[in-house]
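Whatever order the structure lists them in is the order used to number ligands and atoms, beginning at 1. What you are looking at is a predicted structure, and each value in this text was computed from that prediction instead of being measured.
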Amino acid sequence: MKVILLGAPGAGKGTQAKRIAADYDIPHISTGDIFRENIKNNTQLGLRAKEYMDQGLLVPDELVLELIMDRFKAPDCKNGYVLDGFPRTIPQAKALDKALEENNDSIEYAINVDVADEVIIDRMAGRRACLSCGRTYHIKTLKPKTEGICDYCNSNLVLRDDDKPDTVKKRLAVYHEQTQPLLEYYDKKGILYNVDGTGGIDKIYNDIIRIIEA
Ligand code: AP5
Ligand code: MG
């Protein structure tokens, strides 16, 4: 199964993608997580990506594509994957389609997690992220068992640099301009599904499951 989760920054793509990946035994591929991992390890790629990420801008398509095409070669992708944060521009979506078509393959579901901008600004301010395993928490809605510590790997939780309110506003503007056009792109292909991304995490997950089990 090949699924794309679309949605604004902070819509809950990562939260839902992790559950889909666990339940369907497919990898969760988040370009943002891969970039953050590279930043943590001070790689060349990380250094280049950080310049853009810290400003709330998108990393250039060529960098993203190089990284993701390489990731698809890993053996764990043989039964599919859930993509979170990729594609994010029309050229990225076209490159993905082209790569899949070469193998007579295609994306089955592009699921848009729909959340209003005001709700997002609130969520991001309360989000705490584990930079080791990529899990996210929220200081009100999804608390870790011990404050400030990841339940899974015991690392410290942090406020991401790009979750500061001014950067979030910039990320939202970039989303509307460069990523939102993907909704029409996938709608035309007949694989776009919308879910209301407000309300409980379980309710949203059930809505997603209903789509992929239909
Ligand atoms: P990325 O890491 O992908 O960030 P994003 O898309 O901005 O999305 P987030 O991870 O911020 O949000 P999310 O939708 O995963 O929400 P989450 O589940 O955490 O990318 C970061 C940067 O990398 C980009 O800005 C860009 O620079 C670069 N980049 C990455 N991919 C790229 C690409 N393809 N091309 C170019 N550049 C790229 O949830 C958010 C919070 O809300 C959490 O605290 C969570 O606990 C909480 N929450 C979730 N669901 C609910 C709910 N239902 N109710 C209440 N709270 C909830
Ligand atoms: Mg995420």
Please confirm whether [X] comes under 4.0 Å of ligand 1, counting heavy atoms of the residue only.
| X | value |
| --- | --- |
| K203 | no |
| Q16 | no |
| K140 | no |
| A11 | yes |

Counting only N and O atoms by type, is there a donor-acceptor contact under 3.5 Å from the side chain of [X] to the main-chain atoms of [Y]?
| X | Y | answer |
| --- | --- | --- |
| E108 | K2 | yes |
| S155 | S132 | no |
| N41 | E37 | yes |
| Y24 | R19 | no |

Going by the order shown, which atoms of ligand 1 are within less than 4.0 Å of some heavy atom of [X]?
| X | result |
| --- | --- |
| T136 | 19 (O) |
| Q92 | 33 (C), 34 (N), 35 (N), 36 (C) |
| G199 | 52 (C), 53 (N), 54 (N) |
| G14 | 13 (P), 15 (O), 18 (O) |
| M124 | 11 (O) |
| L57 | 26 (C), 27 (O) |
| K13 | 5 (P), 6 (O), 8 (O), 13 (P), 14 (O), 15 (O), 16 (O), 18 (O) |
| I204 | 53 (N) |

Closest candidate by heavy atom, reference [atom], pool [options]:
| atom | options | answer |
| --- | --- | --- |
| atom 18 (O) of ligand 1 | I201, L142, V59, T15 | T15 |
| atom 48 (N) of ligand 1 | R123, H138, Q178 | R123 |
| atom 40 (C) of ligand 1 | E51, R127, Q55 | R127 |
| atom 31 (N) of ligand 1 | V119, L5, T31 | T31 |

Heavy-atom distances under 4.0 Å decide this one: backbone, side chain, both or neither, for [X] against ligand 1?
| X | result |
| --- | --- |
| R128 | neither |
| V64 | side chain |
| Y137 | backbone |

Identify whether the distance between the nearest side-chain nitrogen and carboxylate oxygen of [X] and [Y] falls below 4.0 Å.
| X | Y | result |
| --- | --- | --- |
| D76 | R71 | yes |
| D163 | R171 | yes |
| D162 | R160 | yes |
| E184 | K188 | yes |
| D97 | K189 | yes |
| D207 | R210 | yes |

Do D33 and H28 have a side chain donor and acceptor closer than 3.5 Å?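 There is no such pair between these side chains.
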
Among I191, N112, L96, I111, which one satisfies side-chain contact (heavy atoms from CB on, under 4.5 Å) with I4?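 That would be L96; it is the only one of I191, N112, L96, I111 passing the side-chain contact (heavy atoms from CB on, under 4.5 Å) with I4.
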
Identity and distance of the protein heavy atom lying nearest [atom]:
| atom | value |
| --- | --- |
| atom 16 (O) of ligand 1 | G12 N, 3.2 Å |
| atom 56 (N) of ligand 1 | T141 OG1, 3.3 Å |
| atom 7 (O) of ligand 1 | R171 NH2, 2.4 Å |

How long is the gap from NZ on K18 to OG1 on T136, to the nearest 0.5 Å?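 Spacing of NZ (K18) from OG1 (T136) equals 5.5 Å.
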
When rounded to the nearest 0.5 angstrom, what distance separates CZ in R48 from OG1 in T43?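 Answer for the CZ-OG1 pair, R48 versus T43, is 10.5 Å.
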
N/O separation below 3.5 Å, [X] to ligand 1:
| X | answer |
| --- | --- |
| R160 | yes |
| R88 | yes |
| G85 | yes |
| G10 | yes |
| S30 | no |
| F35 | no |

Relative to Y152, does R135 satisfy both conditions: NZ or CZ under 6.0 angstrom from the six-membered ring centre, and within 45 degrees of the ring's axis?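 Yes, R135 and Y152 form such a contact.
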
For F72 and Y81: C-alpha separation, side-chain torsions, deciding distance, then whether ring-ring contact (aromatic ring centres under 6.0 Å, His included) applies. CA-CA 9 Å; F72 290 150; Y81 37 69; 4.7 Å; yes

